[in-house]
Amino acid sequence: CVAFGCGVRILDPASLADLGGSQELYQHRCTDTAFVPATASSLLKSATDAVLFLTCGDDSKGGNAIVKLHQLRWQPGPDGKPAPALEELRRYEMLATVTPLSEHPACLVSNGRYAMRAVNTQLYVWNLDTQQLTAIVQHENGCAFTSMLLHPAQRLLFMGALTGQIECYRSGPAQQ
């Protein structure tokens, strides 16, 4: 699943063939996508074989940015082949951004409990279930974040910074 224009495209992981998607998720542009781990299956609206993923985009040029939670499931297409069906489940509001989100790619992640999006020097954290913005974390040295990655098995968040450094944060008591 990749951001494409105002929506997303679903690609086959083996062949990278375009399997479909949506062009109408945002009014202006979609900048990021991130899959949500299966541990968040309680958020699924219907089918147990569905997959959750997040998108982030701008609803208007220079306007408010929004993170959205979607359910992706497969249904028979007009040609009999499986086709993706996307359904928006929830929205997570951001404060208006000062620069276009497209300048901050690869900065959307989820651990199944929270959604996190870095913009400039701030990290926004939402509770996936309650949709509450639970924290806005400012980088302690005022450095802009450039990328984010969650460790697949441990409670670690890796963040690239504009200085070229990779910082590692552990979930739990304040440590770095």
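Heads up: numbering here begins at 1 and tracks the sequence.
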- Task: Locate the shortest heavy-atom distance separating C168 from L156; write the atom from each residue and the value.
- Result: SG-CD2, 3.9 Å
- Task: Report yes or no: does T146 contribute a side-chain atom to a donor-acceptor pair with the main-chain N or O of G160 at less than 3.5 Å?
- Result: yes
- Query: How long is the span from the CZ atom in R90 to the OG1 atom in T130, to the nearest 0.5 Å?
  - Reply: 8.5 Å
- Query: Can you tell me how far CG of L157 sits from CG of N111, rounded to the nearest 0.5 angstrom?
  - Reply: 9.0 Å
- Message: Can you classify the ring geometry of W126 versus Y92 as parallel (below 30°), tilted (30 to 60°) or perpendicular (above 60°)?
- Response: tilted
- Message: I want to check something: taking the side chain as every heavy atom from C-beta on, are Q131 and E93 in contact at a cut-off of under 4.5 Å?
- Response: no
- In short, G7 meets C30 closest at the heavy-atom pair O-CB, 3.3 Å
- Shortest non-hydrogen separation from L123 to A118 and the atoms involved: CD1-N, 4.1 Å
- Query: With a 4.5 Å limit on heavy-atom distance, are the side chains of H151 and F158 in contact?
  - Reply: yes
- Item | Straight-line distance of M116 CE to Y124 OH, nearest 0.5 Å | 15.5 Å
- Message: Rounded to the nearest 0.5 Å, what separates atom CZ in R9 from atom CG in D18?
- Response: 4.0 Å
- Query: Within the distance-only criterion (no hydrogens, no angle test), does the side chain of D12 pair as donor or acceptor with the backbone N or O of A14 below 3.5 angstrom?
  - Reply: yes
- Message: Quick one: does any side-chain atom of K68 pair with a main-chain N or O of L54 as donor and acceptor, under 3.5 Å?
- Response: no
- Closest heavy-atom contact between E88 and R91? OE2-NE, 2.7 Å
- Message: Please check: side-chain N/O of N120 versus main-chain N/O of Q122, any donor-acceptor pairing under 3.5 Å?
- Response: no
- Query: Any idea which heavy atoms bring R117 and C107 closest together, and the distance?
  - Reply: CD-O, 2.9 Å
- Task: Quick one: pull up CG in N127 and CZ in R113 and give me the separation to the nearest 0.5 Å.
- Result: 6.5 Å
- Query: Do L108 and V67 touch side chain to side chain, with heavy atoms closer than 4.5 Å?
  - Reply: yes
- Query: Does the pair T55 and V8 meet the rule for a side-chain contact (heavy atoms from CB on, under 4.5 Å), with working shown?
  - Reply: CA-CA 8 Å; T55 60; V8 295; 3.7 Å; yes
- Is F4 linked to L86 within one hydrophobic cluster, defined over Ile, Leu, Val, Met, Phe, Trp and Tyr using a side-chain heavy-atom separation of less than 4.5 Å? no
- Using side-chain hydrogen bond (donor to acceptor under 3.5 Å, both in side chains) as the criterion, list what pairs up with T121, not counting sequence neighbours. Q138
- Task: Quick one: do L89 and L52 satisfy side-chain contact (heavy atoms from CB on, under 4.5 Å)? Show the steps, please.
- Result: CA-CA 9 Å; L89 301 178; L52 293 172; 3.6 Å; yes
- Query: side-chain contact (heavy atoms from CB on, under 4.5 Å) between V36 and L69: does it pass, once the steps are laid out?
  - Reply: CA-CA 9 Å; V36 177; L69 177 68; 3.9 Å; yes
- Message: To check you understand the geometry: which heavy-atom pair defines the closest contact between P37 and G112, and what is its length?
- Response: CD-N, 3.4 Å
- Task: Please round to the nearest 0.5 Å and tell me the distance separating atom SG of C1 and atom CD1 of I10.
- Result: 4.0 Å
